[in-house]
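Protein chains get the first letters and strands the later ones, always in sequence-line order, with residue 1 at the start of each.
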There are 2 protein chains.
Amino acid sequence: MADIQLDSHLLNFIVEQEYQPGDRLPTIAELGDHEHLNISVSKVREQLEVARALGLVDVKSQAGTRLKEYSFAPAVHLSLFYALATDLRYFEQFSALRTHVEVAFWHEACRLLTDADKDELRGYIEAAWGKLNAPRIRIPNDEHRAFHLTIFRHLDNVFVKGLLEAYWDAYAAVELNVYAELTYHREVWEYHQRILDAICTGDFDAAQEAYIQHTRLLHYPTRIQAGAEAHLAEKLPDTV
Amino acid sequence: MADIQLDSHLLNFIVEQEYQPGDRLPTIAELGDHEHLNISVSKVREQLEVARALGLVDVKSQAGTRLKEYSFAPAVHLSLFYALATDLRYFEQFSALRTHVEVAFWHEACRLLTDADKDELRGYIEAAWGKLNAPRIRIPNDEHRAFHLTIFRHLDNVFVKGLLEAYWDAYAAVELNVYAELTYHREVWEYHQRILDAICTGDFDAAQEAYIQHTRLLHYPTRIQAGAEAHLAEKLPDTV
DNA sequence: TTAGACATATTCATCTGATGAATATGATTT
DNA sequence: AAATCATATTCATCAGATGAATATGTCTAA
């Protein structure tokens, strides 16, 4: 336990007691009259709510409060979503960050991919094509998210992975707010195929280059406009 | 206002009401029996505490609650500090992210620097040398932080700037936990001089290269060890 | 014996109300 | 006009009550 001080009495307590992920914390009532932790139940609840919002703890009735594995994503998610709620144009900035980060850690991530991972990536591409070719159009968002996150799966950097996870949450959230063309998605998956092919031949530079090119398809932010939702509905009929 | 939904009733309320930075929110009591916001005072306080922790609002007695300008830094800071409190080795991961991000946005940031900024950078270098040469050793942490943040001052990306701000908060916090050699700091400022010189001649590539080299001096994480604090005290006598 | 239904106790969820502390504001004094 | 002071507002913190959810153990029936 390092000597880093946190604002929150409760968080300091959690760190000091060296609780591990999965461990059950004392009940709220117990924390409320814990001698070291000089705060009342209402204060405990306030700080527990912060910890919950940050994804540090799971708090359920009867099951009590359990410490979760550390992840950067919830904090980023929360702050980012607040920003997006006030102004969607923040997405462009976060998107720029995401692209640069993926590029920066690209080789390190690719090197760590196993054959099983590559098969999984292939699976996402196939599933995506299946969806795009189906009579009832479904945009393969899940596969898109999974494809990219899988590439960075083994990267040993919780912060990079947290940023990327939050990015995909935001991506899904803004999806309905933007002008999206169906053709866009087909092109994306052609690039994904190129990325995977290059990864499989070990040419990570080529994969990176294909990745960079494919991000150029992302020009959502400039397309945000009033009534985008209605427009999207029009572009996405139930059947084609 | 975009159609992004947040978990927090209060945050949604703030967004819906289109409060602007600086605006004063209703008092906690008023929020407690606001008809649209169906939560009691205790719930308001819990969610206000989350908003406060994320740096979204300033809440003071009598002055009430005011909305702040959006910043990514507090959320990053909070989550990062929690991570560091559980394990200092997380600093290495965040440091890697920081370095890659600074490199990625280097040119864009340098292009936006004004002559006044460059003078300011020069001032930090001079102040740092002054401190390092003073009989009473003071490590120029403030100048170090200011030097780097000034370079990215005009970058139009709240997320990049937030990450960097949080990095420097963490840097200061881990400083006492690590084995730091005094000579290290002199070398750093020689590199800073090179960076500034290159920026002034408009050779941003050279500046970036000098930046990358200077980050190699940062090998804090591998040096983290038990009793580092005592060791540091020994290395930092009041007078030399 | 086992699976499923059920009762119970624990724990969180939420609200109310009370008291104290901090401070912005306006009133008062010099 | 400036400085001091009193007051009312607002947050800070706590205690306690009630309700809802659910893990757990118990009981019943196949």
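- Asn38(A) comes within 4.0 angstrom of sugar-phosphate atoms only, judged by non-hydrogen atoms across all strands, and of no base.
- Ring geometry, Phe94(A) versus Tyr167(A): the interplanar angle falls under 30°, so the pair is classed parallel (tilted spans 30 to 60°).
- If Lys43(A) and Ala63(A) are placed on DNA chain D by their nearest nucleotide, the residue sitting closer to the 5' end is Lys43(A).
- Using a 4.0 Å cut-off between a side-chain N of Lys or Arg and a carboxylate O of Asp or Glu, Arg98(B) and Glu102(B) qualify as a salt bridge.
- If you find the closest nucleotide of DNA chain D to Arg45(B) and to Lys60(A), the one lying nearer the 5' end belongs to Arg45(B).
- Side-chain polar atoms of His192(A) and His148(A) form a donor-acceptor pair below 3.5 angstrom.
- Ion pairing of Asp119(B) with Arg122(B) is present here, as a side-chain N (NZ or NE/NH1/NH2) and a carboxylate O approach within less than 4.0 Å.
- If you check the side chains of Ser79(A) and Tyr70(B), you find a donor sitting under 3.5 Å from an acceptor.
- Heavy-atom contacts of chain A under 4.0 Å fall on DNA chain C between two terminal nucleotides, which in 5' to 3' order are dT10(C) to dT14(C).
- Other residues, nucleotides and ligands place no more than 12 heavy atoms under 6.0 Å from the NE2 atom of His9(A).
- Residue contacts for Arg24(B): at a heavy-atom cut-off of 4.0 Å it reaches the sugar-phosphate backbone alone, with no base atom in range.
- Ser42(A) comes within 4.0 angstrom of a base, heavy atoms only.
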